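Below: one structure, written as structure tokens.
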Amino acid sequence: MKRRSFLGKTLIGSLATLIVPKALSASNKPNFSEVIKNEKGPISICTWNFVKANAAAGKALESDLDALSSAIKAAEVEELNDKNTTVGYGGAPDREGNVTLDACVMDHKGDCGSVVAVQNIVHVAALARDVMEKTPHVMLAAEGAESFAKSLGYKQTNLLTEESKESWLEWSKNSKYKPIINIENHDTIGVLCMDKKGNIAGACSTSGLSYKMKGRVGDSSIIGSGLYVDNEIGGAVATGMGEEIIKTVGSFLIVELMRQGYSPQDACDEAIQRIIRKQGEHVDFQVAYIALDKQGRVGSSSIHKGFTYMKYQNGENKNIEVNNFINS
Ligand code: SD4
């Protein structure tokens, strides 16, 4: 980013920080759900080129489904897609051969649920919703999440497909642990939906980094990092190197920047640049964000070239290329 525009944004941010708390603490705190009607029709956006997944959410929204249920519908498409080696069934295993999934959801009321390192269950975004709605907790991990799923009748499935197993065995000949930028353009699914009422919710589902250490958890189950929604402002979701997303609490950061007056695009750019600034010249991993605000504006930004996202609105499901900051 050019210095002048950075300073401009910093100034806008500081002014907003000065102004916003006062305005929000007043008794006439604005209720955005009432002030802004969703006149543009429902919107679904999701990470990567997940055409079918995003269409599933878009059509669900058009047939009046709420934002959260629609976002989960999109996640389910990729969770079942055995060709996507970064989500659900067919996901790449950890270095010991276990496929472990992370997921989270957040709804328009600010409630959230998450599951971590889950084996043998395909639909972990739905399971995260069940944690949110049917337990007094926000997060369940590993065997605890699996027995909760069993108690609800979730089907047990071996998530390691023959193809994923072969790739893992091939990898284990050298066992070099180096995440690949834009892994074959199939990646974590993060979805944000705005329904006909103008409510925003989101879901995120992943098998995490291929051949990760056993027990490693990324950003996709961490509320604020992989996903954050505030229905008064908007939402954001992340994909890419989870460790870096967690360090900067990326999705929460984006929503808070939007609260201060940043557009979704500027907020995503700033979150990406915050990572780049901390890394110096050479950044050999990918992080990308998408964001949606209460007015239906969309933004997206990535470190490296190659990231795209889907946007469904008014019956049109488009794949959109994203600006990147580093040409690799
Ligand atoms: C993670 N952000 O576990 C996820 C994975 C991802 O490419 O996006 N993979 O860090």
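As the structure is a prediction and not an experimental result, all values here were calculated from the model. Counting starts at 1 for both ligands and their atoms, following the listed order.
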Ligand 1 atoms in contact with [X] (distance to a heavy atom under 4.0 Å):
X: T188; value: 4 (C), 5 (C), 6 (C), 8 (O), 9 (N)
X: G218; value: 3 (O)
X: S220; value: 2 (N), 4 (C)
X: T86; value: 7 (O), 9 (N)
X: G240; value: 1 (C), 2 (N), 4 (C), 5 (C), 6 (C), 8 (O), 10 (O)
X: T206; value: 5 (C)
X: D219; value: 1 (C), 2 (N), 4 (C), 10 (O)

key: Option whose closest heavy atom lies nearest to atom 10 (O) of ligand 1, chosen from M241, R216, Q286   = R216
inquiry  = Using the side-chain hydrogen bond (donor to acceptor under 3.5 Å, both in side chains) definition, which of the options K212, K214, Q119, R216 pairs with T100?
reply    = K212
query = Do W48 and F307 make the cut of ring centroids closer than 6.0 angstrom?
reply = yes
Return all side-chain donor-acceptor pairs below 3.5 angstrom for residues 50-57, not counting sequence neighbours, or 'none' if the list is empty.
{"from": "N54", "atom 1": "OD1", "to": "S44", "atom 2": "OG", "distance (Å)": "2.7"}
{"from": "N54", "atom 1": "ND2", "to": "S44", "atom 2": "O", "distance (Å)": "3.2"}
{"from": "N54", "atom 1": "ND2", "to": "N317", "atom 2": "OD1", "distance (Å)": "3.0"}

Heavy-atom pair of closest approach, residues R95 and W171 = CB-CH2, 3.5 Å
request  = For I275, enumerate each residue passing the side chain to side chain contact (heavy atoms under 4.5 Å, CB included) test, keeping only those at least two apart in sequence or located in another chain.
outcome  = E244, T248, Q279, F285, V287, Y289, I303
message = Pairing donors with acceptors under 3.5 angstrom, does anything connect the side chains of D82 and T161?
response = no
message = If hydrophobic clusters are built from ILVMFWY residues whose side chains come within less than 4.5 Å, do V87 and V122 share one?
response = no
query = Is G208 close to ligand 1, meaning an N/O of one under 3.5 Å from an N/O of the other?
reply = no
query = Is there a heavy atom in E243 that sits closer than 4.0 Å to ligand 1?
reply = no
Whether E62 side chain and G315 backbone form a donor-acceptor pair below 3.5 Å = yes
message = Is the contact between E244 and ligand 1 made by the side chain, the backbone, both, or neither, using heavy atoms and a 4.0 Å cut-off?
response = neither
